[in-house]
Trainee: 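Got a structure for you, questions after.
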Amino acid sequence: MLLGTGRGLALADRGGLRRILRRADGLPDDWVVSLHPDGRGGVWVGTAAGLARYANGRVEAVRHPALDSAFVLSLATDDRGRLWIGRRAGGIVIRDGERVEVLDPARGFSDQPVWSLARDRTGAIWVGTNGDGVFRITPDGGVRRWTTRDGLVNNFVWQVLPDSRGHMWLFTSQGLDRWNGRAFVHYGRGDGLVDLGGRADAAFEDRHGRLWS
């Protein structure tokens with residue numbers, strides 16, 4: 001098990017904590033913010049000062065001007081195996097091998113922090129932003145955006161989470177929304193939510209199809 005902490009990347013197993021990897025071991029920064037499997041037995045590690053890859057007990061920083069010193073908030077992989085990287089400074093970096101592409105306002109995208117990334121069953125990537133609503137980017141590069149003007153309950157989207165039924169769940173600062181393919185269905189305190197404010201990358205679906213946040 002890998003644990004991202006404010007003091008390094010912790011390695012643990014049934015016997016307990018085994019080791020903590022830090023800057024001296026190759027991490028760009030000791031503050032580990034996000035983790036994502038790379039599909040090859042390793043794990044992408046987002047830190048407060050750049051991206052790294054963990055494999056076989058070692059970490060190696062990924063160097064590129066768009067990533068150097070970047071606060072990596074979120075990570076996802078698309079159907080082509082490309083790594084999507086959401087930055088606190090805004091915009092998305094897409095890494096395809098050694099090739100790097102940046103989605104920014106000039107490309108019709110947001111300059112706000114990207115709290116959460118997720119791939120849906122069609123291969124599109126959903127993007128939760130800090131005040132610019134939610135974006136959906138299709139495999140062919142098409143971009144669609146939803147805000148409160150389109151029925152989204154709040155433009156601060158902390159979490160985007162696809163479920164096994166094909167719905168997309170969006171946890172905002174004002175409750176939970178579910179996109180059913182046509183419209184948003186809202187859930188608030190009256191539906192049992194204890195807190196209306198979501199948390200970035202803090203939700204998941206278990207093997208029984210139940211969603212936890």
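Source: prediction; values computed, not measured.
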Trainee: So, the side chain of His208 versus the backbone of Arg210: is there a donor-acceptor pair under 3.5 Å, distance only?
Mentor: no
Trainee: Do Val62 and Leu67 touch side chain to side chain, with heavy atoms closer than 4.5 Å?
Mentor: yes
Trainee: Near Glu101 CD, under 6.0 Å, is it more than 12 heavy atoms from other residues, nucleotides or ligands?
Mentor: yes
Trainee: Between the main-chain N or O of Gly26 and the side-chain N or O of Glu60, is there a donor-acceptor pair closer than 3.5 Å?
Mentor: no
Trainee: Quick check against the 3.5 Å criterion: does Thr77 have a side-chain atom that pairs as donor or acceptor with the backbone of Gly81?
Mentor: no
Trainee: Work out which heavy atom in Leu21 is nearest to a heavy atom in Asp25; give both atom names and the distance.
Mentor: CA-OD2, 3.4 Å
Trainee: Specify the closest pair of heavy atoms between Asn180 and His167, including all atoms of both residues, with the distance to one decimal.
Mentor: CA-CD2, 3.9 Å
Trainee: Dump the intermediate steps for side chain to side chain contact (heavy atoms under 4.5 Å, CB included) on Asp111 and Asp104, then the final yes or no.
Mentor: CA-CA 6 Å; Asp111 61 355; Asp104 55 20; over 6 Å; no
Trainee: Supply the atom-to-atom distance Arg88 CZ to Gln112 CD, rounded to the nearest 0.5 angstrom.
Mentor: 13.0 Å
Trainee: Does a side-chain heavy-atom distance below 4.5 Å link Arg63 with Asp68?
Mentor: yes
Trainee: With rounding to the nearest 0.5 Å, note down the distance linking CG in Asn155 to CG in Asp132.
Mentor: 7.5 Å
Trainee: Using 30° and 60° as the class limits, which term best fits the ring planes of Trp146 and Phe184: parallel, tilted or perpendicular?
Mentor: perpendicular
Trainee: Without swapping roles, check the side chain of Arg22 against the backbone of Arg7 for a donor-acceptor pair under 3.5 Å.
Mentor: yes
Trainee: Under 3.5 Å, side chain of Arg82 to main-chain N/O of Ala76, donor-acceptor pair present?
Mentor: no
Trainee: Assess whether a salt bridge exists between Arg80 and Asp78, defined as any Lys/Arg side-chain N lying under 4.0 Å from an Asp/Glu carboxylate O.
Mentor: no
Trainee: Looking only at side chains, do Asp29 and Thr47 share a donor and an acceptor under 3.5 Å apart?
Mentor: no
Trainee: Honestly curious: do Ile137 and Leu117 fall in one hydrophobic cluster under the side-chain, below-4.5 Å linking rule?
Mentor: yes
Trainee: Could you state the interatomic distance from CH2 (Trp84) to CZ (Arg95), rounded to the nearest 0.5 Å?
Mentor: 15.5 Å
Trainee: Do Arg136 and Thr122 have side-chain atoms, one donor and one acceptor, less than 3.5 Å apart?
Mentor: yes
Trainee: Is the shortest side-chain heavy-atom distance between Val45 and Leu35 below 4.5 Å?
Mentor: yes
Trainee: Is a donor on one side and an acceptor on the other found under 3.5 Å between the side chain of Arg87 and the backbone of Pro113?
Mentor: no
Trainee: Counting N and O atoms only, with roles assigned by atom type, does the side chain of Asp96 sit under 3.5 Å from a partner on the main chain of Arg99, one being a donor and the other an acceptor?
Mentor: no
Trainee: Do Arg178 and Trp169 form a cation-pi contact, if we require the NZ or CZ to be under 6.0 Å from the six-membered ring centre and within 45 degrees of the ring's axis?
Mentor: yes
Trainee: Show the nearest heavy-atom pair for residues Pro28 and Ala61, with the distance to one decimal.
Mentor: CG-CB, 4.0 Å
Trainee: Do you know which two heavy atoms are closest between Leu75 and Ser34, and how far apart they sit?
Mentor: CD1-OG, 3.7 Å
Trainee: For residues Phe71 and Val157: do they belong to one hydrophobic cluster (side chain heavy atoms under 4.5 Å, members Ile, Leu, Val, Met, Phe, Trp, Tyr)?
Mentor: no
Trainee: Are Phe109 and Val114 packed together at the side-chain level, in the sense that at least one heavy-atom pair is separated by less than 4.5 angstrom?
Mentor: yes
Trainee: Counting only heavy atoms not in Arg53 (residues, nucleotides, ligands), do more than 12 fall under 6.0 Å from its CZ?
Mentor: yes
Trainee: Against His186, only a single residue in Thr172, Asp191, Asp177 fulfils side-chain hydrogen bond (donor to acceptor under 3.5 Å, both in side chains); can you say which?
Mentor: Asp177
Trainee: Between Ser110 and Pro105, which heavy-atom pair has the shortest distance, and what is it?
Mentor: O-CD, 4.1 Å
Trainee: Side chain of Ser164, backbone of Gly209: donor and acceptor closer than 3.5 Å?
Mentor: no
Trainee: Are side-chain heavy atoms of Leu11 and Tyr54 found at a separation under 4.5 Å?
Mentor: yes
Trainee: Over all heavy atoms of both residues, which pair between Ala12 and Leu17 is shortest? Give the atoms and the distance, please.
Mentor: CB-CA, 4.1 Å
Trainee: Rounded to the nearest 0.5 Å, how far does CZ of Phe204 lie from CD of Gln159?
Mentor: 11.0 Å
Trainee: Taking the side chain as every heavy atom from C-beta outward, state whether Ser173 and Trp158 have any atom pair closer than 4.5 Å.
Mentor: yes
Trainee: Closer than 3.5 angstrom, by distance alone: can the side chain of Ser116 be matched with the main-chain N or O of Ala200 as a donor-acceptor pair?
Mentor: no
Trainee: Can you find a pair of side-chain heavy atoms, one from Ile92 and one from Val102, that are under 4.5 Å apart?
Mentor: no
Trainee: Would you call the rings of Trp126 and Trp179 parallel, tilted or perpendicular, where under 30° means parallel and over 60° means perpendicular?
Mentor: tilted
Trainee: Does one hydrophobic cluster hold both Leu9 and Trp31, with members joined at side-chain heavy-atom distances below 4.5 Å?
Mentor: no
Trainee: Could you tell me if the side chain of Thr129 sits less than 4.5 Å from the side chain of Val134, heavy atoms only?
Mentor: no
Trainee: How long is the straight-line distance from CZ of Phe171 back to CG of Asp195, given to the nearest 0.5 Å?
Mentor: 6.5 Å
Trainee: Would a single hydrophobic cluster contain both Ile125 and Leu103, if residues Ile, Leu, Val, Met, Phe, Trp and Tyr are joined by side-chain heavy-atom contacts under 4.5 Å?
Mentor: yes
Trainee: Quick one: does any side-chain atom of Asp163 pair with a main-chain N or O of Gly166 as donor and acceptor, under 3.5 Å?
Mentor: yes
Trainee: State yes or no: do Leu51 and Leu27 share one hydrophobic cluster built from I, L, V, M, F, W and Y residues joined by side-chain heavy-atom distances below 4.5 Å, directly or via other members?
Mentor: no
